[in-house]
Amino acid sequence: APLEAEDDHYDGKLVAASALPADPAAFAARLRASLAAWEAGGTRGVWLRLGLAQSALIPLAVAQGFEFHHAEKDHLMMTRWLPTAIPCTLPANASHQVGVGAFVVNSRHEVLVVQERSGVLRGKGVWKMPTGLVAAGEDFTAA
């Protein structure tokens, strides 16, 4: 039987990690069958999320053409592009941070400068413009 998967909005599949077989041989066989069925049905990209307890399945997914996409504290995301005739259009993992900075001048034409409470400049006596990074999930305007 094919692995349980949801359709994404881009003719792809997101494999349900909660429904993966724990037995590596069963996982490999069902993944192979699923890939063949999905490819025949026009699926383009496949997303495979594996939790920490499923790490033994990683080499089996790699053997079937999956690549690492990104890792978080509690899971690893792998992808496989199925059409061989067209280039992969799966998005790359986010690799940037959004920084914020402020240039503040008061009515007396004084510029606001600060010293870092943490970071490499903490305790060095360096004055700088107020800056920071937007935290994951933080509202951009609040940052």
Side-chain angles (χ1 to χ4, degrees), residues 1-106 110-143:
L3 294 171
E4 186 179 323
E6 296 178 26
D7 293 333
D8 69 12
H9 298 291
Y10 306 98
D11 298 322
K13 298 285 185 189
L14 174 59
V15 179
S18 61
L20 292 177
D23 175 61
F27 168 76
R30 288 184 60 195
L31 181 60
R32 189 176 307 105
S34 299
L35 290 171
W38 293 332
E39 188 170 16
T43 296
R44 297 162 54 102
V46 179
W47 298 84
L48 176 64
R49 180 180 172 145
L50 299 173
L52 295 174
Q54 298 164 316
S55 62
L57 305 179
I58 294 170
L60 302 171
V62 170
Q64 293 191 44
F66 279 82
E67 298 176 339
F68 297 121
H69 186 267
H70 69 272
E72 298 293 336
K73 290 181 179 181
D74 63 345
H75 74 273
L76 170 73
M77 185 68 76
M78 301 180 80
T79 60
R80 165 92 191 269
W81 184 251
L82 296 179
T84 57
I86 58 175
C88 177
T89 58
L90 294 175
N93 185 39
S95 61
H96 297 79
Q97 291 182 320
V98 176
V100 294
F103 187 80
V104 181
V105 181
N106 67 14
E110 297 170 323
V111 176
L112 174 66
V113 292
V114 298
Q115 291 185 326
E116 288 188 357
R117 282 191 279 173
S118 63
V120 296
L121 296 178
R122 178 181 56 167
K124 305 256 187 219
V126 174
W127 292 92
K128 65 174 205 152
M129 309 297 265
T131 61
L133 295 173
V134 178
E138 182 178 15
D139 179 76
F140 184 73
T141 55

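Computed from a predicted model, the values in this text were never measured in an experiment.
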Partner set under side chain to side chain contact (heavy atoms under 4.5 Å, CB included) for [X], not counting sequence neighbours:
| X | value |
| --- | --- |
| A56 | none |
| V134 | V98, V100, E138, F140, A143 |
| F68 | I58, L76, M78 |
| H70 | E72, H75, M77, N93 |

Side chain to side chain donor-acceptor pair (under 3.5 Å) pairs touching residues 22-42, sequence neighbours excluded, are none
Residues passing the ring pair (Phe, Tyr, Trp, His ring centres under 6.0 Å) test with W81, sequence neighbours excluded, are none
Got more than 12 heavy atoms from elsewhere within 6.0 Å of CD, E6?
no
Is the shortest heavy-atom distance from the side chain of [X] to the side chain of [Y] under 4.5 Å?
| X | Y | answer |
| --- | --- | --- |
| L35 | F66 | yes |
| V15 | E4 | no |
| L57 | P21 | no |

In short, G12 meets T43 closest at the heavy-atom pair CA-CG2, 3.9 Å
Looking only at heavy atoms, the pair that brings K73 and L52 closest together is O-CD1, 3.7 Å
From the list L90, L48, T79, side-chain contact (heavy atoms from CB on, under 4.5 Å) with H69 holds only for T79
message = Show, in sequence, the C-alpha distance, side-chain angles and deciding distance for Y10 and T89, and conclude whether the side chain to side chain contact (heavy atoms under 4.5 Å, CB included) test is met.
response = CA-CA 9 Å; Y10 306 98; T89 58; over 6 Å; no
Would you call D7 and K13 a salt bridge, using N to O less than 4.0 angstrom? yes
